[in-house]
Amino acid sequence: MFVHNENFNIMQIAASGQCFRMNRMNESKKQKCNLVAYGRYLELTQLDAETVELSCSEEEFHQIWEEYFDLSYDYSKVVTELISGEDEFLKKAAEYGRGIRILKQEPFEAAISFIISQNKNIPAIKSCIEGICRCYGEDKISRECGNTPFHLFPKAEVLARADKEALRSLNTGYRDEYILQAARSVVLGDLNLEDLKSKSFEEAVDTLKKLRGIGEKVANCISLYGLHHIEGFPIDVWILRALKEVYNNRFDKGKYQGYAGIVQQYMFYYIRYLKGIKES
DNA sequence: AGCCAGGTGACCG
DNA sequence: CGGTCACATGGC
């Protein structure tokens, strides 16, 4: 199954810090990644600048991945606008990260993942999440995965009953309690993530922030990557650095109303590149 | 060896 | 409101 799109680069997406279970496969120096989401295992190969091969059937692609990779949204419009705009930093950022797209991840996975993400670096977040999937996620096998089982991200029901000490031993640190409480809120129906998709971005953020361990930044991440509120604009240490050093704290995201989250993603990916961070 | 990481909550004035 | 501090732990 092939996808042609000039704004679809799997290595850039995998290194963009929005998802933590998309990994480079590093075999025969091909640009190849794998991924587990929505109960499936998928392999992707970047054949050239505008062609990606997916290991799934056409049916599965239309059922799951077309939506997951937000392939009906016109990212070239955003990139073109930024490249032809006045902002020199965003010009270069959009040029550099033009293959990035905002994924539509599973809401619960995004919620827990970004609770874990606080005050951790990306490799540490990834290994922590893998541990949680290994211990609490359902095992599946597929032809594409060569009969080695892969692990789904755990259901809220399972995580909600996890032992705190066991969670702690998976390097969650002080976030163990946050994870348990979030999972329990979902199980009890106090937090309905699906519901928040159809609410406004502001309401989604406000609702998420009521949970312990979710502040402004994490709420923006969950909204952006898990609920696809693309006006979200998470400000972490990297974005803060860019806003200070590049813009002297005068950046106005209001110019990008309705899609600031995409702009944020180009900024994040580019500032980290400028600072010499190796792709993770 | 020490600083940093896709931060947050508690506490202070 | 805005500043400071502890928090648990791996990466580099």
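Per chain, numbering begins at 1; letters A, B, ... match sequence-line order.
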*Return the value, rounded to whole Å, for the distance between atom CD1 of A:Ile271 and atom P of B:dC4.*
16 Å
_Using a 4.0 Å heavy-atom cut-off, does A:Gly215 contact any base of the nucleic acid, only the sugar-phosphate backbone, or nothing at all?_
sugar-phosphate
_Test: ring-ring contact (aromatic ring centres under 6.0 Å, His included). Region: residues 215-234 of chain A. Which pairs qualify, not counting sequence neighbours?_
A:Phe114-A:Tyr225, A:Phe233-A:Phe251
*Considering only atom P, compute the distance from B:dT8 to C:dG11 and round it to an integer number of Å.*
22 Å
*Let me know the distance between CD1 of A:Ile222 and C1' of B:dT8, rounded to the nearest Å.*
13 Å
*asked:* Looking at B:dA5, I'd like to know if its phosphate oxygens (OP1 or OP2) sit under 4.0 Å from a side-chain N or O belonging to A:Arg241.
replied: yes
*asked:* Please classify the nucleic acid contact of A:Glu216 as base, sugar-phosphate, or nothing, using heavy-atom distances under 4.0 Å.
replied: sugar-phosphate
_To check you understand the geometry: which heavy-atom pair defines the closest contact between A:Ser76 and A:Glu6, and what is its length?_
CB-OE2, 3.7 Å
*Between A:Phe114 and A:Tyr178, which has a closest nucleotide on DNA chain B that is more 5'?*
A:Phe114
*Output the single nucleotide from B:dG9, B:dG7, C:dC12 whose closest atom is nearest the side chain of A:Pro123.*
C:dC12
*A:Ser113 near the nucleic acid: base, sugar-phosphate alone, or nothing, with a heavy-atom cut-off under 4.0 Å?*
nothing
_Rounding to an integer number of angstrom, what distance separates C:dG10 and B:dG9 when you compare their P atoms?_
23 Å
*Of A:Asn119 and A:Ser127, whose closest DNA chain C nucleotide lies nearer the 5' terminus?*
A:Asn119
*Would you mind classifying the nucleic acid contact of A:Leu211 as base, sugar-phosphate or nothing, using non-hydrogen atoms under 4.0 angstrom?*
sugar-phosphate
*asked:* Closest-nucleotide mapping onto DNA chain B: is A:Phe268 or A:Ile214 further toward the 5' terminus? I mean the 5' end.
replied: A:Phe268
*Near DNA chain C, which residues from residues 162-177 of chain A have a heavy atom under 4.0 Å away?*
A:Arg168, A:Asn171, A:Gly173, A:Tyr174, A:Arg175
*If we take the P atom in both C:dC7 and B:dA1, what is their distance in whole Å?*
22 Å
*Which part of the nucleic acid, if any, lies within reach of A:Tyr269 when heavy atoms closer than 4.0 Å are counted: base, sugar-phosphate only, or nothing?*
nothing
